[in-house]
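Quick note: residue numbers are just sequence positions, from 1.
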Amino acid sequence: MEKSLLRYIWNHTRPQQIWILAIVLLSMIPYFAAFDLPKQIINGPIQGQGFESPDATALYLEFDFTVPLLNLNFSFEGFELDRLSMLMALSGVFLLLVVINGLFKFYINTYKGRLGERLLRRVRYELVDRVLRFPPSVLKQVHGAEISTMVKDEVEPFGGFTGDAFVQPAMLGGQAAAALFFIFLQNFWLGLIAAVMVALQVGIIPKMRRRLIDLGRQRQITARHLAGKVGEIVDGIETIHAYDTSNYERADIAHRLGLIFKIRYDLYRWKFLVKFVNNFLSQLTPFLFYSIGGYFALRGSLDVGQLVAVINAYKDLPGPLKELIDWDQARQDVQVKYEQVLEQFEPGQLIDPSLHALATTTPTHGSGPLVAHNVTIVDGSGAKVVQNANIRIERGETIAIIDNLGNGAEALAEAFGRLVWPVSGRITLAETDLLELPESVAGRRISYVSGDSYFFHGSLRDNLLYGLKHAPMTTVNYSGREAVQRQWEMREAQLAMNNDYDLNADWIDRRSTSVLHGSDDDMEQSLVRALDAVQLTNEVMELALHSFFHPEDDPAFAERVVEVRHALREALQAEGLGHIVAHFDPSAYNTEATVGENLLFAATRLSSTGEGDLSESDYVFDVLKVTRLFDMLYDMGLTIAENLVEIFGGLPPDHPFFQQLDQITAEDITYYQQLLLRQQARGNQNATDDEARAVVRLSLHYIEPRYRFGVLTEEIQNAVVAARDQFYASLPPELHDRIERYDPHRYMAAATLRENVLFGKLSYRVPDAPAKVRPVAARIVREKGLFQNFLALGLNFDVGAGGRRLTLSQRHKLSLARALVRRSDFYIFNRALPGLDRRMQEEIVSAVLDFVREQDNDPSIVWVLSNTSLSRLFHRVIVFDRGTVVEDGTFEALDKESGIFKSLVA
């Protein structure tokens, strides 16, 4: 990138700058003409110069012009007008010039804005492009939050300055020069005064503003560091809470904010001092004009029209002059920011852009081995972690790499994945240096997975298919307004030197999936088999079962879920498991649900305002009073409170007994204990409204099979069922969107998929009820052919920023599955399953090896193991010790020798 921002702007916008400069030059003609008109209007028709007699007339628009050298003469006799007509005509011309000057400004400013935004788009794209081309060693040193802040915020002023870079000084300088020249034409001394004052402003103000630039630079750097620190806090929030360092981080933030405050306060003080000096010099000139110009007018050496014209012309002089000074400050300011940005995006070495060239198909390349030739790798401190390693990996091999001491195995795996570059030696793929291969070859033929792989914000499916999005495989056929919009986007992208790839195109390369039988189902099969191999299928199904689905999105699927609901009920009855689920019946009380759930008999949604449980709303209590259930539940609640106080009263808050209670805490027990004491003290007096609601609330959350207090009578159950219709008869409009009544023959959008399938409550009387229902439900789902639909719903789960909505083990499995979905020649797994128990690691490693062996392209696997006992599953074992390869052979051969490997697996 150019070192000078002005040169960068000129090189990339030269034709547009020349065009707009020509428009600015053209605009000076009506701008200058507008200066002389006030003098003509005042001296002519107003004061009567040229209209000495009442019936006098003057020629309007008369001219006689001869083109030099060509002897071409243009003349017009003009119109003969009287004094009033001349006044109206000149005033009309003045208004016309105002409109013309305004239109010139409108066009120039609009063109500048588009030009600036286009260059800003180019700068941002180029900076992100450079980040994508950073060497791995540089990427490990940069701070993501600071880089994103620079791309988003710090380059923002470049766009505004681009349009003004050359146009602003030309236009403002031209306006100022025109005004100054006009003043000189009217009176030499007044012109000299104006010129001296202009020179003072131009000489003093920019020098005073240099400190503003220094302070602005400090503000920019401290703000960037603040953004980086906030990013660190977000990324490391788990560590902060784990080590109780939140107040230390608050102190750090407070210190940084204090430093920014001090800089900004100094900036404000100096800024307004500069403004004071500038305003003083600007107002001093009119004082001189009024005093000295008035003196000349009194002496008769300057007429009133000229004085008014001079003052009017000078009125337009400070504006352009001030803006010209502001432009110079902006130029210095953006140049400083440009240099600061340049420092971060000029690492000294960048990956050649040709290596990132778009390729819709994998370029042909030999199918030779992956070889490390005398490779030496250093870590961030410069210490050698791999020394003179020579390893050859043939196609079809499965290799386990183990570290005894040091991190040589991990570093070599990172080098195979091009995450680190060797300081000496080289790694070749089919006899070509890995670092010289295009990404379309190395990035597709080698899949690298580590324990800290990153996931992008989106669904599970998006992240699983991320490794297949190399290039747009098909184009989108736009029509109508969309086609016009797409053409405009492409044209603007080309003008801004961005690529014009269509993000809406299909980017998934279905020819590079791991399962490749030539059918449209290959990609889905690749997904399913990869999830099975890493034992993630059941977890994705659990995500699906806890997901919400709107039946309008797929009415056929919703109807089939209802079919599964009825089939599950029949299957449970047939297998003698009907008692496990208490199904919802519109005419019966569900004993496994709370009293409140039985009253609502509906699936509920949280409100947009985050209101609490709907069964505790004012409307519910109103319905209870209308149906006379309130008193029944109040008496029932008092008995529940007495039992709770008797059982839990006096227990410490952390007692395990409290885990048996839902929505009731130790503080609630204390409250009910005091409430009962107050009731005894009051005798027959009524409880307050809040106390009565608190007691009824206990009844609303009561489940007889769970608490077994024997207080839920058949009379209360029948009354609750009878109150359902009353509840819905006058349901307030604000609750319509929050509640969806249970219907055995309809899918409920307010309920999860699991709740829709089960359509009931699991029995509290049956141990491990979920485990007994799950296999029956899974079998029915497969029999109905809905397994893929359920899995697809789970794959739509949003993983959150960086995959944080997933557990740690799920992230490790997902990372491995993402690599298995796509077809590669070499799979590099660098401690891909840390933290998983030994049994699960062995099952997954074995399944992954089987999965890869089934591919017809004879791929190789290199796996850096943290569990050395798993090396028996591989054809070949390589042992590192302090960065050096010390053993290399089959598991059987190394296991017979008394070397390092033998001691590691013993």
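- A donor-acceptor contact shorter than 3.5 Å links the side chain of N11 to the backbone of R7.
- The shortest side-chain heavy-atom distance between L120 and T162 does not fall under the 4.5 Å cut-off.
- For the side chain to side chain contact (heavy atoms under 4.5 Å, CB included) criterion with E414, the lone passing option out of V386, V385, L419 is L419.
- Between E492 and R121, no side-chain nitrogen of the basic residue sits less than 4.0 Å from a carboxylate oxygen of the acidic one, so the salt-bridge criterion is not met.
- Side chains of W421 and P135 form a contact here, defined as non-hydrogen atoms less than 4.5 Å apart.
- Rounded to the nearest 0.5 angstrom, R805 CZ and F797 CZ are separated by 3.5 Å.
- Put simply, the side chain of D129 never gets that close to the backbone of Y125: no donor and acceptor are under 3.5 Å apart.
- No donor-acceptor distance shorter than 3.5 angstrom exists from the side chain of N498 to the backbone of Q494, with no hydrogens or angles considered.
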* To do: For side-chain contact (heavy atoms from CB on, under 4.5 Å), just list the numbers for R738 and T604, CA-CA rounded to whole Å, side-chain angles, deciding distance to a tenth of an Å, and then say yes or no.
  => CA-CA 5 Å; R738 292 190 58 193; T604 59; 5.8 Å; no

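- For the pair S815 and Y454, the minimum side-chain heavy-atom distance is 4.5 Å or more.
- Of the inter-residue distances, the one linking F261 atom CZ with T222 atom OG1 reads 13.5 Å to the nearest 0.5 angstrom.
- Side-chain contact between T807 and H812 is absent, with no heavy-atom pair separated by less than 4.5 Å.
- For the side chain to side chain contact (heavy atoms under 4.5 Å, CB included) with L460, the lone residue among D798, L465, L543 that qualifies is L543.
- Under the salt bridge (charged side-chain N to carboxylate O under 4.0 Å, His left out) criterion, R818 pairs with no residue at all, not counting sequence neighbours.
- In terms of heavy-atom proximity, L806 sits nearest to R811 at O-NH1, 2.8 Å.
- Residues passing the salt bridge (charged side-chain N to carboxylate O under 4.0 Å, His left out) test with E439, sequence neighbours excluded: none.
- Looking at every heavy atom in both residues, A413 comes nearest to V864 through CB-CG2, 3.7 Å.
- Note that NZ of K229 and CD1 of I253 are 7.0 Å apart. Values are rounded to the nearest 0.5 Å.
- For Y466, the ring-ring contact (aromatic ring centres under 6.0 Å, His included) partners two or more places apart in sequence, or in a different chain, are F456.
- Open room surrounds CZ on R882; 12 or fewer heavy atoms of other groups in view lie less than 6.0 Å from it.
- Between Q17 and W10, the closest side-chain pair of non-hydrogen atoms falls below 4.5 Å.
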* To do: Test side-chain contact (heavy atoms from CB on, under 4.5 Å) on V449 and N830 and set out the steps.
  => CA-CA 6 Å; V449 178; N830 189 3; over 6 Å; no

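- Under the 4.5 Å side-chain criterion, counting only non-hydrogen atoms from C-beta, L814 is in contact with L536.
- Taking the side chain as every heavy atom from C-beta outward, F104 and V24 never approach each other to under 4.5 Å.
- No side-chain donor-acceptor contact under 3.5 Å links T110 to the backbone of Y107.
- Interatomic distance, K112 NZ to T13 OG1, rounded to the nearest 0.5 Å: 13.0 Å.
- The minimum heavy-atom distance linking L21 with F166 is given by the pair CD2-O, 3.5 Å.
- For A409 against D403, the heavy-atom pair with the smallest separation is N-OD2, 3.0 Å.
- Here OH of Y8 is found 10.0 Å from CG of L342. Values are rounded to the nearest 0.5 Å.
- Closest of all the heavy-atom pairs between R133 and D352 is NE-C, 4.4 Å.
- Taking every heavy atom of both residues into account, V540 and L795 meet most closely at CG1-N, 3.9 Å.
- Applying the salt bridge (charged side-chain N to carboxylate O under 4.0 Å, His left out) rule to R418 yields no partners; only residues at least two apart in sequence or on another chain are considered.
- For F134, there are no ring-ring contact (aromatic ring centres under 6.0 Å, His included) partners at least two apart in sequence or on another chain.
- Counting non-hydrogen atoms of neighbouring residues, nucleotides and ligands closer than 6.0 angstrom, the NZ atom of K384 reaches no more than 12 such neighbours.
- Within the 3.5 Å criterion, the main-chain N or O of G382 finds a donor-acceptor partner in the side chain of D379.
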* Asked: Checking side-chain contact (heavy atoms from CB on, under 4.5 Å) for the pair V151/F345: CA distance, chi angles, key distance, verdict?
  -> CA-CA 10 Å; V151 173; F345 290 88; 3.9 Å; yes

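- If you take CD1 on I351 and CZ on R130, they are separated by 12.0 Å, rounding to the nearest 0.5 Å.
- Shown here are the salt bridge (charged side-chain N to carboxylate O under 4.0 Å, His left out) partners of K262, two or more places apart in sequence or in another chain: D266.
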* Asked: How far apart are the C-alpha atoms of H12 and R122, what are their side-chain angles, what is the distance that settles it, and do they pass the side-chain hydrogen bond (donor to acceptor under 3.5 Å, both in side chains) test?
  -> CA-CA 9 Å; H12 296 298; R122 176 192 173 87; 3.2 Å; yes

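- Using a 4.5 Å heavy-atom threshold, the side chains of Q387 and I377 count as separate.
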* **Stepwise side-chain contact (heavy atoms from CB on, under 4.5 Å) check, R114 with Q16** => CA-CA 11 Å; R114 184 173 62 177; Q16 295 88 347; over 6 Å; no

